[in-house]
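Have a look at the structure below, then the notes.
The analysis underlying the following values was restricted to heavy atoms, covering all of them including side chains, and did not include hydrogens, waters or symmetry mates. Just so it is clear, the model here is predicted, and its values are computed rather than measured.
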Amino acid sequence: MLCVAAWRSLISVLALASPVLAPAAVLASELPAPLELSLEQALQLGLERSLALAGSAVLVRQGEAQVGLAQTRFLPKLDLLAVGSYVQVGTSASQVSNLPLIGNLNLNLGANGYAVAQNTFGDLGLSLTFPLIDFGRGPQRQAAQAALAGARAEGSEQQRGSRFAITAAYLDLQVADALLPVWQQALQLSQTLQRDAGAIRRRGLAARIDTLQARTLVERDRAGLSEARSQQQVARSALARLLNLPAEQAVRARDPLLPAQPWPLGLDASLQRALAQRPLLEALAQQRQVQLQRQQEARAQMLPSVGLQLGAGYGGNSLNLPVLSGTAQASLGGVGSATASGSGSGSFSGGFYNWGGFIGLRQPLFDGGVSRESARLAGTLAKLRQLDLDQARQTIVQNVQTWYATHQAAGEQIRAAQAAVQAGEQAVRDAQLRYRAQVAPILEVLIAQRDLQASRSAGAIAIQRWNLSRAGLLREAGSPDPAAEPAAGCSSGRGGCGQRPLVRTAVPGPNG
């Protein structure tokens, strides 16, 4: 005891003094405490933090934006139009007419005359455009609505998939936790056998091969225990990744591995429910509808369209003649005129309003085959979505039948494993007594221990298959009774479904 205390003190001093050991000790102390979760808590946390569900929510918002974009083709468009210009012209020509950017300006200059004209123009108006007939906007809106419905269905399907993935990862952790004591018990039995073989050999009643076989069994069980601990760490990491937790956050399963309630529906009812209420089928049907509407939209490109445009505005014009030399007369058609002799200046200004409207008809005659090929492409994609829909139905049928058969077989396997464990425990006790009395070889003990360990492992795996197959049926067919649906693994507290732990639990049959 003194040596142990001295070593601990030495390690503490080294951890404080060494620049290598001290950060490791600080890091270990800063790690967060393991997060112990029930299955319900894991599902709640995982669905809240799921990256896949967050992506599905973004796709729904994208679909809503597409619907809003398609709706804009049914609404009028209002534009504010404004234009302004300024120009200055200096001339000594005897006559200048229709100057650019000034309009109908006439300058009549006499001999040796000179003029400088400065013109300022501005106009402000509103333009209203409204599509009266557009055969392409209806299919575009319906395609966007179908895409939005498909995105929502995909979100529901993703939620089912996320629940199943979290449940499966939790069950993997549960079975890893359950197999750990199985290997520990097997190692204890092996070490007991090794001690018995050594004691018998020291009395000269056993051959050396007995001790060697016992040692081999101990080392194999140690290797199996090490692998079980490794699988437990892997299962914890897999569950933490699905829950989107930080890398340094460890998780543990609170619920023991217990068989859930049996699936309440028969095979026919499960198939009917899976095909009638499956979001995956709804999503694929909506994707097919999107392609059909895009086909109609492509065909509408060659149909006529009619639009109405209304406009109104007010404009003003100001002409300034700062220099007029000689005898000159300047006039701006419709606005005013100015006359000067000798050297002087003049100016005039005016304004006007305008309004009007027109109806335009557009009839495409030839677009190079773009609309025809676009419609052909959309029709082909619609056929592909129909094939995907039919294939998905077949996959759902296969999955339901597989999970249902696995669920029924797992119930029988649990009962068989329970009976095998009870018989195996008695067989190990009898074999140990027979070997100690030297009326049976060590091989009998080895076989009995191997059978017991295999039965215990098979019992844990069978419970996991029972719960996993129920979770698979829940994913395919949905909850048969949402108000009273227990989670797979019976996670309502530490007591599970009110049953006793693992292989001592009586399992109800698949038909209740």
Under 3.5 Å: donor-acceptor pair, side chain of T72, backbone of L69
yes
Pairing donors with acceptors under 3.5 angstrom, does anything connect the side chains of Q386 and Q287?
no
Could you state the interatomic distance from CG (L75) to CZ (F130), rounded to the nearest 0.5 Å?
8.0 Å
So that I can tick it off, tell me whether R137 and D134 are bridged by a salt bridge, with the cut-off set at under 4.0 angstrom between side-chain N and carboxylate O.
no
Does Q426 have more than 12 heavy atoms from other residues, nucleotides or ligands lying within 6.0 Å of its CD?
yes
If the threshold is 4.0 Å, N to carboxylate O, is there a salt bridge linking E64 and R61?
no
Measure the shortest side-chain to side-chain distance between P76 and T129 over non-hydrogen atoms and say whether it is less than 4.5 angstrom.
no
Report the C-alpha separation of L468 and T167 in whole Å, then their side-chain angles, then the decisive distance to 0.1 Å, and conclude whether the side-chain contact (heavy atoms from CB on, under 4.5 Å) test is met.
CA-CA 8 Å; L468 184 62; T167 302; 5.9 Å; no
Please name the pair of heavy atoms, one in Q249 and one in A33, separated by the smallest distance, quoted to 0.1 Å.
NE2-O, 2.9 Å
I'd like to know if the side chain of Y170 reaches the main chain of L37, judged simply by a donor and an acceptor atom lying under 3.5 Å from each other, with no hydrogens or angles considered.
yes
For residues 46-56, run the donor-acceptor check on the side chains, cut-off 3.5 Å, and write out each pair with its distance to 0.1 Å, sequence neighbours left out.
{"from": "R49", "atom 1": "NE", "to": "L243", "atom 2": "O", "distance (Å)": "3.2"}
{"from": "R49", "atom 1": "NE", "to": "N244", "atom 2": "O", "distance (Å)": "3.2"}
{"from": "R49", "atom 1": "NH2", "to": "N244", "atom 2": "O", "distance (Å)": "2.6"}
{"from": "S50", "atom 1": "OG", "to": "A52", "atom 2": "N", "distance (Å)": "3.4"}
{"from": "S50", "atom 1": "OG", "to": "L53", "atom 2": "N", "distance (Å)": "3.2"}
{"from": "S56", "atom 1": "OG", "to": "A52", "atom 2": "O", "distance (Å)": "3.2"}

Would you say the side-chain atoms of N467 pair up with the backbone N or O of A260, donor to acceptor, closer than 3.5 Å?
yes
Taking the side chain as everything from C-beta on, heavy atoms only, tell me whether D123 gets closer than 4.5 Å to N354.
yes
Any pair with a residue in residues 304-314 that passes side chain to side chain donor-acceptor pair (under 3.5 Å), sequence neighbours left out, goes on the list, sorted by first then second residue, please.
S127-Q309
When every non-hydrogen atom of Q301 is compared with those of V370, the smallest separation belongs to OE1-CG1, 4.3 Å
Does Q453 reach the side chain of W183, with side-chain heavy atoms less than 4.5 Å apart?
yes
Can you tell me if D390 and Q394 form a side-chain donor-acceptor pair at under 3.5 Å?
no
Name all residues meeting the side-chain hydrogen bond (donor to acceptor under 3.5 Å, both in side chains) criterion together with Q71; count only those two or more places apart in sequence or in a different chain, and write none if there are none.
R141
Interatomic spacing from CG in L39 to CZ in R163 - rounded to 0.5 Å
8.0 Å
Do Q291 and R385 pair up side chain to side chain, a donor and an acceptor below 3.5 Å, judged on atom types alone?
no
For R376, is the CZ atom crowded, meaning more than 12 foreign heavy atoms sit under 6.0 Å from it?
no
Rounded at 0.5 Å granularity, tell me how far OG in S469 sits from CG in L171.
9.5 Å
Under 4.5 Å between any side-chain heavy atoms of L225 and L180, yes or no?
yes
Can I get a per-line list of side-chain donor-acceptor pairs under 3.5 Å for residues 228-239, giving both atom names and the distance, sequence neighbours left out?
{"from": "Q231", "atom 1": "NE2", "to": "E227", "atom 2": "OE2", "distance (Å)": "2.7"}
{"from": "Q232", "atom 1": "NE2", "to": "D177", "atom 2": "OD1", "distance (Å)": "2.6"}
{"from": "S237", "atom 1": "OG", "to": "R241", "atom 2": "NH1", "distance (Å)": "3.4"}

Between Q464 and D172, does any side-chain donor sit less than 3.5 Å from a side-chain acceptor?
yes
For D79 and L126, what are the C-alpha separation, side-chain angles and deciding distance, and is it a side-chain contact (heavy atoms from CB on, under 4.5 Å)?
CA-CA 6 Å; D79 299 318; L126 295 175; over 6 Å; no
Taking NZ, NE, NH1 and NH2 as the nitrogens, is one of them in R450 or D221 under 4.0 Å from a carboxylate oxygen of the other?
yes
Is there a side-chain contact between R278 and I396 in this structure, where contact means two heavy atoms from C-beta onward sitting under 4.5 Å apart?
yes
Please report the shortest heavy-atom distance between A285 and L389, naming the atom on each side.
N-CD1, 4.2 Å
Could you tell me the separation between the CG atom of D255 and the CD atom of E36, rounded to the nearest 0.5 Å?
9.0 Å
Search all heavy atoms of T120 against all heavy atoms of Y86 and return the closest pair with its distance.
OG1-CD1, 3.3 Å
Please check if the side chain of S226 supplies one atom and the backbone of R222 the other of a donor-acceptor pair under 3.5 Å.
no
Q293 meets the side-chain hydrogen bond (donor to acceptor under 3.5 Å, both in side chains) criterion, sequence neighbours left out, with Q142
CD (E40) and CG (L43) are apart, to the nearest 0.5 Å, by 6.0 Å
Do L473 and V400 have side chains that approach each other closer than 4.5 Å (heavy atoms only, starting at C-beta)?
yes
Closest non-hydrogen atom pair between W355 and A312, with its separation
CB-CB, 3.7 Å
Checking side-chain polar atoms at under 3.5 Å, does Q286 have a donor or acceptor matched by the opposite partner on E282?
yes
Verdict with supporting geometry, L193 and L446, side-chain contact (heavy atoms from CB on, under 4.5 Å):
CA-CA 9 Å; L193 178 60; L446 296 177; 3.6 Å; yes
Within the distance-only criterion (no hydrogens, no angle test), does the side chain of R475 pair as donor or acceptor with the backbone N or O of R160 below 3.5 angstrom?
no
Just wondering, do W263 and L474 contact through their side chains at under 4.5 Å, heavy atoms?
yes
Is it true that R294 and E297 have a side-chain N and a carboxylate O under 4.0 angstrom from each other?
no
Side chains of D388 and R288, heavy atoms from C-beta outward: is any pair under 4.5 Å?
no
Determine, stepwise, if the pair R456 / E425 fulfils side-chain contact (heavy atoms from CB on, under 4.5 Å).
CA-CA 10 Å; R456 286 171 172 168; E425 290 174 348; 3.3 Å; yes
Taking every non-hydrogen atom, the tightest pair across L242 and A169:
CD1-CB, 3.5 Å
Who are the side-chain hydrogen bond (donor to acceptor under 3.5 Å, both in side chains) partners of S371, not counting sequence neighbours?
D367
Exceeds 12 heavy-atom contacts within 6.0 angstrom, atom NZ of K77:
yes
Let me confirm one number: the CG-CE distance from L365 to M302, rounded to the nearest 0.5 Å.
7.0 Å
Between H407 and W466, is there a donor-acceptor pair closer than 3.5 Å when you use the side chain of the first and the backbone of the second?
yes
When you check the gap from the basic side-chain N to the acidic O, do R273 and E476 get nearer than 4.0 Å?
no
Short side-chain donor-acceptor distance under 3.5 Å, T402 and Q398
yes
